[in-house]
Amino acid sequence: MFELLGTTLPSRLFLGTAQYPSPAILADAVQASGTSVVTVSLRREMAGGRDGEKFWSLIRSLGTRILPNTAGCHSVKEAVTTAKMAREVFGTSWIKLEVIGNHDTLQPDVFGLVEAARILCDDGFAVFPYTTDDLVVAERLLEAGCQTLMPWCAPIGSALGPVNLTALRSMRKHFPDVPMIVDAGLGRPSHAATVMELGFDAVLLNTAVARAADPVGMARAFGKAVDAGREAFLSGMLEPRDVAVPSTPTIGRAVFS
Ligand SMILES: CC(=O)[C@@H](O)[C@H](O)COP(=O)(O)O
């Protein structure tokens, strides 16, 4: 169980809803993963000309909490407007805030992010900011009113996994009480387990499941990896050592002469 902003979530895996081969596979993947939160891009789905209301109904029918996002927004104004539309469409004040600053890396524009976060927090939103692993930016987001952080793992869609474990470790250490969901760039279940072992509260991913050869199987695998990583974190892992330490007793060995 995961207590997040006064809500109890049964799973620590958040799943994106884009790029699945079909709506039926999306629904099956969500179920197989055990996720309790799905994120949906208002702007991208509308721009894609999907059958709007039909897609929103499918999302609502999944039985999970919905975390709308501002994916595809490149300015503060665009992100704020999209967040307000999402609040109306889905009846939630939760918003995953993305303000993209670079076309190639899809890196967040951290200046615009802080500005948009402040506007939305002041307007009563619970803002989940998609950010880098920069500690100063994280401080500014918290000062702006965010109660959660979503540090990146790697560029969106890259499947690279945690490219800067040292920075992620440092984020966790500096903000031990802030719920942190590692977002984007996870490619394999082992990546999810790795960040959960560091003590992060949850992970959010999309591409690695939606574009897998078998999205339903991959969704299930990610669900298990998130649980395994969390349990390992809670169980107290050994620190790696440079020297060998026998794992079987060395006293009382049989002597052959
Ligand atoms: C769906 C969504 O919100 C993505 O923008 C998110 O950041 C996931 O990234 P991946 O697709 O790399 O998992």
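Atoms within each ligand, like the ligands themselves, are counted from 1 in listed order. By convention here, the first residue in the shown sequence is residue 1. Side chains included, hydrogens not; waters and symmetry mates left out as well; all remaining heavy atoms used.
Comparing D183, N206, T70 against atom 6 (C) of ligand 1, the shortest heavy-atom distance belongs to D183. Residue K96 holds the heavy atom nearest to atom 2 (C) of ligand 1 of all those in Q19, R211, K96, H191.
Taking only nitrogen or oxygen atoms, main chain and side chain alike, L205 does not reach within less than 3.5 Å of ligand 1. The N/O atoms of E98, backbone and side chain alike, include one that comes under 3.5 Å of an N/O atom in ligand 1. Between G185 and ligand 1, an N or O atom pair is found at a separation short of 3.5 Å.
The side-chain contact (heavy atoms from CB on, under 4.5 Å) with C153 is formed by just one residue from the set L160, L186, V163, D133; it is L186.
Counting only distance, with no hydrogens or angles, the side chain of T39 and the backbone of L67 share a donor-acceptor pair below 3.5 Å. For T35 (side chain) and V30 (main-chain N/O), no donor-acceptor pair under 3.5 Å exists by modelled atom type.
Here A202 pairs with F2, R12, F14, I181 under the side-chain contact (heavy atoms from CB on, under 4.5 Å) rule; sequence neighbours left out. Taking the side-chain contact (heavy atoms from CB on, under 4.5 Å) definition, one finds that K77 meets it with S75, T81, sequence neighbours left out.
For F90 and W56, the gap between ring centers is short of 6.0 Å.
Annotation for E143: atom CD counts as buried by contact number, over 12 foreign heavy atoms lying within 6.0 Å.
Proximity of T207 to ligand 1, defined as any heavy-atom pair under 4.0 Å, is shared by backbone and side chain alike. With a 4.0 Å cut-off on non-hydrogen atoms, I156 touches ligand 1 through its backbone as well as its side chain.
Residue-ligand proximity: A71 is placed with every non-hydrogen atom at 4.0 Å or more from ligand 1.
Using a 4.0 Å cut-off to heavy atoms of N69, the atoms of ligand 1 that qualify are 3 (O). Atoms of ligand 1 lying under 4.0 Å from any heavy atom of G157, numbered from 1 in the order shown and given with element: 10 (P), 11 (O), 12 (O).
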